[in-house]
2 protein chains.
Amino acid sequence: MDAIRGDIRSSDFPLTGEFLAGRLREHLDQDDLNYIEGLIETVEEHGDGTRLLERGDVTNKSTMLIEGYVFRTIESGDRRYIVGVQVPGDFVDLHGFALKRLDHSIVAAGPVKIGSVSHESLRTVMQDRPNIARAMWFATLLDASIHRKWIQILEQLDAPKRIAHLYAELHTRLELIGRTVPRALRTPFTQLDLADMCGVSAIHANRAVGKLRELGVAEIRRGDLYTDDWDRLKRYARFNADYLYGDGALKLDEGWN
Amino acid sequence: MDAIRGDIRSSDFPLTGEFLAGRLREHLDQDDLNYIEGLIETVEEHGDGTRLLERGDVTNKSTMLIEGYVFRTIESGDRRYIVGVQVPGDFVDLHGFALKRLDHSIVAAGPVKIGSVSHESLRTVMQDRPNIARAMWFATLLDASIHRKWIQILEQLDAPKRIAHLYAELHTRLELIGRTVPRALRTPFTQLDLADMCGVSAIHANRAVGKLRELGVAEIRRGDLYTDDWDRLKRYARFNADYLYGDGALKLDEGWN
DNA sequence: GAGGTCTATTGACGCATGTTAGCTTTCTGT
DNA sequence: ACAGAAAGCTAACATGCGTCAATAGACCTC
């Protein structure tokens, strides 16, 4: 009975477009970006814990995250497993456009602002805007690359390094959309959230946070991470940003049409 | 210096087409399937351990697995982490078509037969054959769904259940392309392979295999699994096949064009 | 500002898993 | 048939992590 955790406040204020389309920006021209902005039919704000999409749902629209973080979760037994995190500018359920049902749920981590695009509009995009269609496929391939890295992390690292790697990844992803502050990374994650992302118990996540503090790698308080030395943290987590394709990874020079 | 493990024998015998395109089959008509068959320019056989594609490679062709198994691997330090397995009919590097470099390597697990399609041909497909383009996007989305399940498995299950889940998944995937035998599942996997897929040490993989035997869930000998009761094995592994989208998961009724 | 709830923290104990070492079985090539 | 190599197996001990129990701090509501 945690449904009340969510707090829904619809709104329809205009988009600035400033952060719209996130990672897709770098692969699209202004005309394409305006086109995408025009696709967004509704914008909503939701509170922490709101269940935005449910595993098994059949949808007729796709969701873009504009502000905040969301978790991709799979519930099994009475536990929750977080299998992914999205940052502003990410489409969270493009796969719901091509696949019938969703294989996992989408839950707000902290307050979020989301935009919706109807699948009808997306079908038009696929037909008329090959550049945008290509960028959307790219976005889902990037998610898959991140999934593979998470698999490797779970196979390779212990709990403290997993947590450090998570923050290193988020820091780089936020950097790519111009959203970092110098010596910190602010998130609404609880230690239980960290535990569910790293596949350990909440108590062990607490131990891991303590170890990062003890080692002087980072201080994590109520989800916010503080560090004087991102390079050291990234070295500690064996972080290598290649899998995020930050250098313009699309084969732009070889358009499909 | 394990390079000698691979044994390369080129060949150009004709395709039967019988198992071609695997999971894509169910979403395409005969005309589309013939078209795909025509795309395959070369067919090769390779021996166990052959490194088919290297992390960081920039490719100008994509590879379809026709016979055998391949691993998606990431090497780090002196260890290997297996982040995915493909079965016959799977494209193994469609992402290399849209992304510049590969984020992981592809290695033959046992002898394999592979076909190659040039990216030039794929660009034509994207332009002229929306049905096939859609099916290919679907294939990469299905891979992402499987990745998410692996993340959950690593977060949730202990080593014996991970191994059972792996075989349950492969059994279902092979069933979907009509390639199962009644009470067994034959693979060329060593216990070290199982360990690298499950994120445990080889010795612990051995313990886990022993436990499955002891419990009467399954007998695994040199990669081949034998069981009298697949349902029991799947219950033990908490396996639920939804994430494999075996029921015709594409939104066929809503074509893009 | 008092009470309640969620979150963070600590300690004790047990199980899962890693590491090292050595041994046995099976495969492979000659 | 033989020898070497690869794979599988077993035991002993160390560490990571889970569980339970209890407490402390932070935030919210009234």
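None of the values given here were measured: they were computed from a predicted structure. Within every chain, numbering begins at 1; the chains are lettered A, B, ... in the order of the sequence lines, protein sequences first and strands thereafter.
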(request) Determine the contact category for G199(B): base if any of its heavy atoms lies under 4.0 Å from a base atom, sugar-phosphate if only primed atoms, P, OP1 or OP2 are that close, otherwise nothing. (result) sugar-phosphate

(request) Figure out the CG/C1' separation between L212(B) and dA16(C), and round it to whole Å. (result) 15 Å

(message) If I take atom CD1 in residue I163(B) and atom P in nucleotide dA16(C), what distance separates them, rounded to the nearest angstrom?
(response) 14 Å

(request) In whole angstrom, give the distance that lies between atom CG of L154(B) and atom P of dT17(C). (result) 11 Å

(request) Mind calculating the distance between NE2 (H204(B)) and C1' (dT15(D)) to the nearest angstrom? (result) 13 Å

(message) Both R221(B) and R222(A) contact DNA chain D. Taking the nearest nucleotide for each, which residue is further toward the 5' end?
(response) R221(B)

(message) Expressed as a whole number of angstroms, how long is the span from I203(B):CD1 to dC13(D):P?
(response) 16 Å

(request) Answer yes when R221(A) and E219(A) have at least one side-chain N-carboxylate O distance shorter than 4.0 Å, and no when they do not. (result) yes

(message) Show every ring pair (Phe, Tyr, Trp, His ring centres under 6.0 Å) that has at least one partner inside residues 193-229 of chain A, sequence neighbours left out.
(response) none

(message) Strictly below 4.0 Å, N to O, side chains only: are D103(B) and K149(A) in salt-bridge contact?
(response) no

(request) Report yes if a side-chain nitrogen or oxygen of R213(A) is closer than 4.0 Å to either non-bridging phosphate oxygen (OP1 or OP2) of dT9(C); otherwise report no. (result) yes

(request) Grab the CG-C1' distance between N206(B) and dA6(D) for me, whole Å please. (result) 14 Å

(request) Grab the CG-P distance between D193(A) and dT7(C) for me, whole Å please. (result) 8 Å

(request) For residues F239(B) and Y167(B), establish whether the separation of their ring centroids is below 6.0 Å. (result) no

(request) Check every atom of dA8(C), dG18(C), dC17(D) against the side chain of T190(A) and return the nucleotide holding the closest atom. (result) dA8(C)

(message) Rounded to whole Å, how long is the line connecting atom CG of D224(A) with atom C1' of dT7(C)?
(response) 14 Å

(request) Just compare dC27(C), dT7(C), dT17(C) and give me whichever is closest to any side-chain atom of P160(B). (result) dT17(C)

(message) Mind checking if A202(A) touches a base, just sugar-phosphate, or nothing, with heavy atoms under 4.0 Å?
(response) nothing

(request) Can you check whether any acceptor in the base of dG8(D) is under 3.5 Å from a donor in the side chain of R207(B), or vice versa? (result) no

(request) Ignoring backbone atoms, test whether R79(B) places a side-chain nitrogen or oxygen under 4.0 Å from the OP1 or OP2 oxygen of dG18(C). (result) no

(message) Angle between ring planes, Y243(A) versus H165(A), binned at 30° and 60°: parallel, tilted or perpendicular?
(response) parallel

